[in-house]
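Reading through the C-alpha cells given below for one structure.
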Amino acid sequence: MRTCKVGNIEIGRGIPKICIPIVEKSRDEIIKYAQKIKKHNPDIVEWRADFYEEVFNIEDMLEVAKDLKKQLKNIALLFTIRRKNEGGNLDIESDKYLSLVRAMSKSKNIDIVDVDISSLRRKDRHIIYEIKDSSKLLISYHNFKHTPSVEAMEKILLNMNYYKPDIYKLAVMPLNKSDNINVLKLAVDAEQNLERPIVIISMGKMGIASRICGEIFSSSISFASLEKSSAPGQIEIDELREVLEIIHKNYTDDI
C-alpha cells in the first residue's frame, strides 16, 4: 500500500489519521465549530457540506471553504457532500452532485474531495481527472443497512480502482460479529492489492474494533466525534487518540 501525502500528514503510514466532521448548518456555526475542533488538533477535518443551508450557492461555499482553511491552518480539509442514498442529508441528482463537487474541488483551500461511487459512471472519468488536477481524491461507498459479502465489497473496490483514487473508503453496517471479521479481512487484503491507502469502517457500536485497530488491519483514517457525529459509532476524539496511541506503542509490523 502506497501512502498519500496531504500537507504535513502521510495517510497510510503509522497511526491512523484522525478526522472530525463538521455538520453545522450555517456559516457562523461552521466557523465556531472549527475553532473548537482545532484545539483538539485532529489530522483532518471533514466539512459535510450536505448539511449546509447554502450548499447550492457556489460563491458562498467557496468563501466558507476559505474561512475554514484560515481557521484550520495546517489541518487538512476534506470536502464531502453526502447524498441521501449514501446516508447523507442531500437529495440531489448525480449530474448536479458531480458538477457541485467538481466546482468545489478547484478551491485552493480544499485538500481532499470525497466522491461517492454511486454517483459515478464510466463516462464521468473526465470529471474525476479534473478533480484530481486540483485536490486529492477520496472515493467512498456507504451502506447503513448491512455489510455486503466480501466478494461484493471487492467488486466495489475494483469499480473504485477504475478511477484511480488517492484514497479508498468503505463504511458499512455490521449485523453480526462475522461482518466485522469480513471487513477487517477485506482491509488486510486491500493493502496487498491496492496502490493507495484504504479506509474501512464498520459503523455502530458493534463495529468499534474497526475504528481503533486501523494500524493493525491497514485502515488509514479513523473518524472521531466532538459534541456531534456524522455516523453511528464515532468515538470522542481525545478518547480515540489515547487508544490509537496505546496500540501504536505496543504494536509492530514484525508481529
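On a predicted model such as this, the values are computed, not experimentally measured, just so you know.
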From [X] atom [atom1] to [Y] atom [atom2], the distance as rounded to the nearest 0.5 Å:
X	Y	atom1	atom2	answer
Phe217	Leu186	CZ	CG	12.5 Å
Arg196	Leu138	CZ	CG	12.5 Å
Leu137	Ser105	CG	OG	9.5 Å
Lys66	Leu77	NZ	CG	14.5 Å
Glu86	Ser140	CD	OG	5.5 Å
Lys155	Ser149	NZ	OG	7.5 Å

Linking I/L/V/M/F/W/Y whenever any side-chain heavy atoms sit under 4.5 Å apart, do [X] and [Y] land together?
X	Y	value
Ile246	Ile208	no
Tyr129	Met104	no
Ile181	Leu175	no
Val115	Leu158	no

Can you tell me which residue pairs pass the ring pair (Phe, Tyr, Trp, His ring centres under 6.0 Å) test with a partner in [range], sequence neighbours excluded?
range	result
residues 161-210	none
residues 53-111	Trp47-Phe79
residues 170-212	none
residues 192-215	none

Below 4.5 Å, heavy atoms only, C-beta onward: do [X] and [Y] meet side chain to side chain?
X	Y	answer
Arg211	Phe223	yes
Pro42	Ile75	yes
Lys32	Glu24	no
Lys96	Leu100	no
Arg122	Asn159	yes
Met173	Met203	yes
Ile235	Val243	no
Asn109	Leu68	no

[X]: partners by salt bridge (charged side-chain N to carboxylate O under 4.0 Å, His left out), with sequence neighbours left out:
X	answer
Glu10	Arg13
Lys5	none
Asp166	none
Asp111	Lys69

Any donor and acceptor pair, going by atom type alone, linking the side chain of [X] with main-chain N or O of [Y] inside 3.5 Å?
X	Y	answer
Lys169	Ile221	no
Thr80	Arg82	no
Glu54	Asn57	no
Asp50	Asn89	yes
Arg241	His40	yes
Glu236	Asp238	yes

Which residues pass the side chain to side chain contact (heavy atoms under 4.5 Å, CB included) test with [X], sequence neighbours left out?
X	value
Glu130	Arg102, Lys106, His126
Ala209	none
Asn180	Pro174, Ser202, Met206

Testing the basics here: between [X] and [Y], what is the closest heavy-atom pair and its distance to 0.1 Å?
X	Y	value
Pro148	Asn143	CG-ND2, 4.0 Å
Ser135	Val113	OG-CG2, 3.2 Å
Ala65	Ser107	CB-OG, 4.1 Å
Gly88	Arg48	CA-NH2, 3.6 Å
Asp43	Pro16	OD2-O, 4.5 Å
Ile198	Ala190	CD1-CB, 3.6 Å

For Met153 and Thr147: C-alpha separation, side-chain torsions, deciding distance, then whether side chain to side chain contact (heavy atoms under 4.5 Å, CB included) applies. CA-CA 9 Å; Met153 290 189 287; Thr147 298; 3.9 Å; yes
Residue pairs involving residues 170-188 (criterion salt bridge (charged side-chain N to carboxylate O under 4.0 Å, His left out); sequence neighbours excluded): Lys185-Asp189
Only residue of Ile139, Ile167, Leu78 satisfying side-chain contact (heavy atoms from CB on, under 4.5 Å) with Asp114 is Leu78
Can Ile44 and Val6 be said to form a side chain to side chain contact (heavy atoms under 4.5 Å, CB included), step by step? CA-CA 10 Å; Ile44 306 167; Val6 181; over 6 Å; no
May I ask you to decide whether Asp124 forms a salt bridge with Arg121, counting only side-chain N to carboxylate O separations under 4.0 Å? yes
Assess whether atom NZ of Lys205 is packed by more than 12 heavy atoms of other residues, nucleotides or ligands within 6.0 Å. no
Using the side chain to side chain contact (heavy atoms under 4.5 Å, CB included) rule, take Ile31 and Gln71 through it: C-alpha gap first, then chi angles, then the decisive distance, then the call. CA-CA 7 Å; Ile31 300 306; Gln71 286 293 332; 3.9 Å; yes
For Leu98 and Leu120, what are the C-alpha separation, side-chain angles and deciding distance, and is it a side chain to side chain contact (heavy atoms under 4.5 Å, CB included)? CA-CA 8 Å; Leu98 288 174; Leu120 292 172; 3.8 Å; yes
What verdict does the side chain to side chain donor-acceptor pair (under 3.5 Å) test give for Asn85 and Ser118, after you've listed the backbone C-alpha separation in whole Å, the side-chain angles of each residue and the deciding distance to 0.1 Å? CA-CA 8 Å; Asn85 66 314; Ser118 68; 3.2 Å; yes
